[in-house]
Student: 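Structure provided below as structure tokens; questions to follow.
Just so you know, these numbers come straight off a predicted model, no measurement behind them. Convention: sequence-line order gives letters A, B, ...; per-chain numbering from 1.
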Amino acid sequence: MLLDATHRRWIVVCLALLVLATAVYVPYARRELHGPSGGSWPGLAYGVAGLALMLYAGVLGLRRRVPTWRVGAATTWMKGHLWLGLLSYPLILFHSGFQWGGPLTLVLMVLFTVVVLSGIYGVVLQQYIPRLMLSRVPLETVYEQIDAVVQQLRQDADALVASVAGPLPDEVTLVPAGRRGGGGVGRRGVVDAPSPRPVSVPDGTLPEAVGLKEIYLVEIRPYLAPDKEPDARQATPAVTAALFRHLRTVVPPALHPTLHELEAICEERAQLSQQKRLHHWLHGWLLVHVPLSMTLLLLSLVHAVVSLRY
Amino acid sequence: MAERLYTTKSRAKRIQLDYFKHPHPFRSAKLWISIGLAVVAAAAVIVYALRGDHRLYTSGPVSTAHAMFGTRCADCHAAVAPTAAAGAPSRAAFFVPVSDLTCSLCHEGPSHHQNQTFTPACASCHFEHKSRFRLVDLGDRQCTQCHAGLASKDGRAPEFATKIASFDSGHPEFAVDVLRDGRKTRVRIDDKTAPRDGAQIKLNHALHLKAGLGGLDDVKARTGKLGIIDRDGQPALSCSYCHRLDERRVSIKPIAYADHCVDCHPIVSKIVPGAVAPHAGPRIVHACLKMTLEASEQRAVTAKGGTTTAKVNEDCGILRMAAAPAAPAAAQESEPEAPRGGRLGGRSASSAPAETPEPEAPRGARLGRSAPAEDEPERPRRGLRGGGEEAKAAPEAPAGLAQLARLEKEIFGPGNCAKCHTMTPSSAGVPAVAPTAIPVRWLPHSVFDHGVHRSLTCTECHGKATKSTDTADVLLPSVSVCRECHRTAGGARASCVECHLYHDKTEERDPSGPLTVKRMRHGASAVSPSRSQ
């Protein structure tokens, strides 16, 4: 969530609450003979307030699971999750008197700290990565559909090449390079030296497209495979552009429009790869934040019940 | 950049509209990790619950003394007030603080002062779950909540300093109890008229600390005792030759003739060589001297006297044992820490009469023994001036009962008893010895640990001792000496509990408590109802 001017009200309210809580805490902590503790009445009040805010922050997950609930806009919930969840941390510190306590409370504080830090990390990432994605991935699609789209891109590319070079085999076994060429992609094969073995040319296709077909099968088609992350070198736009500049020098001009379209498909593939990586950065922290939050809430409830018991 | 092959619409058509209904690895991972962690956490909680171990929920480790209760919250947080018999099992409830009744199952916790305005709950001072090694290590605020503005229950002016904020601020100069005009009076040691020690013993500290005292090398060679040091190339007594720590290495043991004096000051006679008097009451000494002379006479009558000096000494020992009940106060000498609690006004004086047997003795901490002690252990008298084994070898001069008066005059005189004791002539013939009344503890309101201060030279604090020639000199250091090291801002600890105890230990109950081993080990729930009643 982008921190913009709409957050100002939340920030002001939370800061005011924090100042109020601190103003109450300082004299309380100085007055207590043994220092502040969670079992004192002020400590209990801080604990109840902190737990309430933690529960509110945790309900965001439910709110997202049932988007049809008419309980306020999702952005409002997100802002509340962000700022009230952050406010709950100092309240819990006031509750504990800045001490770790016993084993359970120690685990709780460690979990809480990791949850808060991971949340802050996520917020910071959200200030940069969406903008980065907007500029670098104009062809962004739904994350969960990236593999499906890549599959379609490959089918489109296959159809494109087949239209000029005849039907394509299902898969091509990669031929190890006999020597490294100057094309910059020598690891996968020699792009400037098409195989001398004869290739049958079907009716209605261009004989000059045989070279393109072979290069496509060796170099481009694997790059379009949806089930594996493409080579980082090829995923770089500069490398892809260099590849196609080189191809234009080795295939007849009649095939340049086809090359042009193939290049567009490869570029979209590269963008989707980048989207996938950026998405992992943008949302990967949730694999820490969410599970630990759930554990934190569970153990917090156990702590609350047992502590009130004694 | 290459031209786009597809329009936005054509790309949008590639999206499956129900994609969110199908599981995705990222979302699935998030869900399963969440479930897995929660299950692990719940399992841990359940395992601890099944084991009956509540340590998981403690808000902090309990103190060392309460470690065995650390796994059962209900042992202390009992919803039902425990009975004195065994402690009733607790029942489920919420908000169950530790009650004073629970503490009193094991601890008496006598009150601090009869006139205090309020008595705090046990747990308000002895706060658990703070990882404390000792629960008695309290902060000054527990004390200064009263002593910073001391008031009394009956509204009278307190007898103690009323504004003590800390050891640095408001703590008064040390004060001691002395006799003035026949009355026990508490006098600060910085008082204009310096307090005088009322002990009836003649001791010149400066002389004893002088280097080059005759015979010290001989004493060291014979006894091997510690405390004879080399000072400027000459043998000298160190303070610790006489002032030794007790078995707990906390307090200084009372001075005992047999331990500290006899090596240099044996009670021997020059008139009757071999006549040795015990360090006992005058009547015992009289009886022993009489027996010695009778034995001499017997030896003079019989050609081969069968009675030896050792036999006479043995008889004297029997005499002393027989006379022991007549001097019960001397037994107090072996309990130096007993007067610790004798600080709550007049109560301690009534509860421990043995400590103040003489009405004229200063309060609480006086030994009051009728010196010399009647039951002091017998030591071979091997003084600097001969006697004991050496005397046996010397030829025994004939002596008779006629010499008794002369012998007693010598023994009770300035060369022996009267050298240290105040002797009062009596019409009965045997002089009386004034009780030594040496204070065992000068500051009964506090506990001073000499052991932890062993790295310091004694004269660093008791500097006046090297120049003191009179027993009446009070050699206690001023509070300012303590403050050189014990400062609130840095330095050694300066909290109240370093020196003071809150509870009057002399008021504690009989050490036989109400609990059983089973109750202690397994908690109140393990005790059958019939047994707990």
Student: Any side-chain heavy-atom pair from B:Arg519 and B:Leu105 closer than 4.5 angstrom?
Tutor: yes
Student: Could you check whether any side-chain N or O of A:Glu268 sits under 3.5 Å from a backbone N or O of A:Leu139, counting only pairs where one atom can act as donor and the other as acceptor?
Tutor: no
Student: Could you walk me through whether A:Tyr143 and A:His280 satisfy the ring-ring contact (aromatic ring centres under 6.0 Å, His included) test, starting with their C-alpha distance in whole Å, then the side-chain angles of each, then the deciding distance to 0.1 Å, before giving a yes or no?
Tutor: CA-CA 10 Å; A:Tyr143 168 76; A:His280 288 165; 5.8 Å; yes
Student: I need the full list of side chain to side chain donor-acceptor pair (under 3.5 Å) pairs touching residues 27-52 of chain B, with sequence neighbours left out, sorted by first then second residue.
Tutor: A:Glu144-B:Arg27
Student: So which residues of residues 103-113 of chain A are in contact with chain B at a heavy-atom cut-off of under 4.5 Å?
Tutor: A:Pro103, A:Leu104, A:Thr105
Student: Tell me, side chain or backbone of B:Ile35 under 4.5 Å from chain A's heavy atoms, or both, or neither?
Tutor: neither
Student: Heavy-atom distance under 4.5 Å to chain B: side chain of A:His303, backbone, both or neither?
Tutor: neither
Student: Counting only heavy atoms closer than 4.5 Å, note whether A:Leu44 contacts chain B via side chain, backbone, both or neither.
Tutor: side chain
Student: Looking at B:Ser124, B:Ala42, B:Gly139, which one has more heavy-atom pairs under 4.5 Å with chain A than the rest?
Tutor: B:Ser124
Student: Can you tell me which portion of A:His283 sits under 4.5 Å from chain B's heavy atoms? Options are side chain, backbone, both or neither.
Tutor: both
Student: Could you look at A:Val290 and say if it's the side chain, the backbone, both or neither that has a heavy atom under 4.5 Å from chain B?
Tutor: both
Student: Quick one: what part of A:Glu32 sits under 4.5 Å from any heavy atom of chain B, side chain, backbone, both or neither?
Tutor: backbone
Student: Flag the one option from A:Leu296, A:Thr295, A:Leu297 with the top tally of heavy-atom pairs under 4.5 Å to chain B.
Tutor: A:Thr295
Student: Would you say A:Ser273 and A:Arg269 are linked by a side-chain donor-acceptor pair, where the criterion is simply a distance under 3.5 Å?
Tutor: yes
Student: How far apart are the closest heavy atoms of B:Thr488 and B:Ser166, and which atoms are they?
Tutor: OG1-OG, 4.0 Å
Student: Before you tell me yes or no, could you show the steps for B:His147 and B:Asp140 under side chain to side chain contact (heavy atoms under 4.5 Å, CB included), namely the whole-Å CA-CA distance, both residues' side-chain angles and the distance that decides it to 0.1 Å?
Tutor: CA-CA 10 Å; B:His147 283 273; B:Asp140 285 359; over 6 Å; no
Student: So does B:Ser63 get a backbone contact from the side chain of B:Glu128, meaning a donor-acceptor N/O pair under 3.5 Å?
Tutor: yes
Student: Under a 4.5 Å heavy-atom cutoff, which of A:Gly101, A:Gly38, A:Pro291, A:Gly39 has the most pairs with chain B?
Tutor: A:Pro291
Student: Regarding B:Glu498 and B:His486, do their side chains bring together a donor and an acceptor under 3.5 Å, going by distance alone?
Tutor: no
Student: Between A:Leu299 and chain B, which part of the residue has a heavy atom less than 4.5 Å away: side chain, backbone, both or neither?
Tutor: side chain
Student: Charged N to carboxylate O below 4.0 Å: is that the case for B:Asp168 and B:Arg487?
Tutor: no
Student: Need one label for B:Thr58: side chain, backbone, both or neither, based on atoms under 4.5 Å from any heavy atom in chain A.
Tutor: both
Student: Under a 4.5 Å heavy-atom cut-off, does chain A meet the side chain of B:His24, its backbone, both or neither?
Tutor: side chain
Student: Can you say whether B:Ala44 sits under 4.5 Å from chain A via the side chain, the backbone, both, or neither, judging by heavy atoms?
Tutor: neither
Student: At a 4.5 Å cut-off on heavy atoms, which part of A:Leu287 comes close to chain B: side chain, backbone, both, or neither?
Tutor: both
Student: Is there a donor-acceptor pair under 3.5 Å between the side chain of B:Arg72 and the backbone N or O of B:Arg521?
Tutor: yes
Student: What verdict does the side chain to side chain contact (heavy atoms under 4.5 Å, CB included) test give for A:Glu263 and A:Leu247, after you've listed the backbone C-alpha separation in whole Å, the side-chain angles of each residue and the deciding distance to 0.1 Å?
Tutor: CA-CA 10 Å; A:Glu263 185 177 8; A:Leu247 283 176; over 6 Å; no
Student: List the steps, then state whether side chain to side chain contact (heavy atoms under 4.5 Å, CB included) holds for B:Tyr502 with B:Gln142.
Tutor: CA-CA 10 Å; B:Tyr502 176 85; B:Gln142 268 80 18; over 6 Å; no
